[in-house]
Amino acid sequence: MKKHRIITLLIILFIVYILAGLIGPLTVRHYRVKTDKVSGRVTFAVISDLHDTAYGEKQKRLIKKIDAAAPDAVLMTGDILDENSENVSSRALISELVKRYPVYAVTGNHECFTKAVKKEAIRAYEEMGVTLLCASCADFTVRGQNVCIIGIDDPVNGKSIETQLKSVKPLMSDTALNLLLSHRPEENEFSAYVREGYDLVLSGHMHGGQWRFPPFVNGLIAPDRSLFPDHAGGRYEKDGTVVIVSRGLAKNTSVPRFFNAPELVIVDLIPE
């Protein structure tokens, strides 16, 4: 009888463990980036890989967390709109955010799935008042602080990352902080960002590797189904370049999230 109780208890604990991993609350993850290119704090809210996920009526839960951070701008790093969805929730979020903040975005692979999908995504962003950066630059200034925000398209239906980085090289600032928005953080892309000398790169795409077992495994599987991706989510630094990879906001994906709560990323630029 005692043996059966122990087995029953172990089964219950295992079920609790599984449920605890699968049901994760919306997390706000803060990163501080020190730089000598600002003399005062600049705060960005980073939205990535929403895939039309809803967070309450008219996205109230997500918007409340964004407002609590009081960002100077909202930066979207791709896969906010989804080619397989009506994008009601994504549009609701964007419509509210543009009333409150400057919003800058780049496309992800789901917004560039085909040329027709990309054209529709571009039209949707423009209609909603989002500044969409397609191998282009926006000079962002707040309280006397200048940030050069450069964005490139996802390469799935267009030019390669390397080709786009070469085309935007002349747009990089000699004095302001150079911030790159690019959907993909894989090893080849990561090396290219470092090689080009960006101060800060914001990315997504990896969904946190879907399954995580902190602190031992940061991410199990990449979107291309490769195992243990190098940059599944978090902060990475090399040769003066800081790359921050959001684990994304999508809750319903082909592979369930495990110990990998959806996250809103807040980045503070701090004077060094």
Check whether any side-chain heavy atom of [X] lies under 4.5 Å from a side-chain heavy atom of [Y], and answer yes or no.
X    : Y    : value
I244 : L200 : yes
I47  : V74  : yes
D49  : H183 : yes
W211 : N260 : no
V267 : L202 : yes
R29  : I266 : no
M76  : V103 : yes
Y31  : V265 : yes

Run the side chain to side chain contact (heavy atoms under 4.5 Å, CB included) test on L264 and I66 for me, step by step, so that the C-alpha distance in whole Å, both residues' side-chain angles and the decisive distance to 0.1 Å come before the verdict.
CA-CA 8 Å; L264 165 69; I66 294 171; 3.8 Å; yes

Pair [X] + [Y]: basic N to acidic O under 4.0 Å:
X    : Y    : result
K58  : E96  : no
E120 : K118 : no
D72  : R41  : no
R247 : E263 : yes
K159 : D153 : no

Determine whether the aromatic ring centres of H231 and H205 lie less than 6.0 Å apart.
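No, the ring of H231 stays outside the 6.0 Å limit from the ring of H205, centre to centre.
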
Determine whether the aromatic ring centres of F44 and F140 lie less than 6.0 Å apart.
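Centroid separation for F44 and F140: below 6.0 Å.
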
Distance-only side-chain donor-acceptor flag, [X] / [Y], under 3.5 Å:
X    : Y    : answer
Q145 : S39  : yes
D268 : T43  : yes
S246 : S48  : no
D224 : S226 : yes
T107 : D154 : no

Would you call the rings of F213 and F259 parallel, tilted or perpendicular, taking 30° and 60° as the class edges?
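The rings of F213 and F259 sit tilted, inter-plane angle from 30° to 60°.
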
Considering all heavy atoms of both residues, which atom of [X] and which atom of [Y] are nearest to each other, and what is their separation?
X    : Y    : value
Y198 : L179 : CD2-C, 4.4 Å
I270 : V38  : C-CG2, 4.0 Å
S203 : S182 : OG-O, 2.9 Å

Please check if atom CD in E86 has more than 12 non-hydrogen atoms from other residues, nucleotides or ligands closer than 6.0 Å.
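Result for CD/E86: open.
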
Is K64 close enough and on-axis enough to Y55, meaning under 6.0 Å and within 45°, for cation-pi?
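No, K64 and Y55 do not form such a contact.
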
Measuring from atom [atom1] of [X] to atom [atom2] of [Y], what distance do you get when rounded to the nearest 0.5 angstrom?
X    : Y    : atom1 : atom2 : answer
T131 : E126 : OG1   : CD    : 10.0 Å
H51  : S89  : NE2   : OG    : 13.5 Å
L93  : Q59  : CG    : CD    : 5.0 Å

Do [X] and [Y] share a hydrophobic cluster (ILVMFWY, side-chain heavy atoms under 4.5 Å, transitive)?
X    : Y    : answer
V142 : L269 : yes
V28  : I63  : yes
L132 : L50  : yes
V156 : I122 : no
V243 : V106 : no

Sub-3.5 Å donor-acceptor pair from the side chain of E111 to the main-chain atoms of G108, do we have one?
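It does hold such a pair.
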
Using the rule given for side chain to side chain contact (heavy atoms under 4.5 Å, CB included), can you reason through I149 versus C137, listing the C-alpha separation, both sets of side-chain angles and the distance that settles it, and then say yes or no?
CA-CA 6 Å; I149 304 176; C137 172; over 6 Å; no

Full working for side chain to side chain contact (heavy atoms under 4.5 Å, CB included) between K169 and K166
CA-CA 5 Å; K169 181 77 172 179; K166 289 179 181 177; 5.7 Å; no

Take V168 and M172, measure what side chain to side chain contact (heavy atoms under 4.5 Å, CB included) needs, and give me the verdict at the end.
CA-CA 7 Å; V168 298; M172 295 178 69; 5.8 Å; no

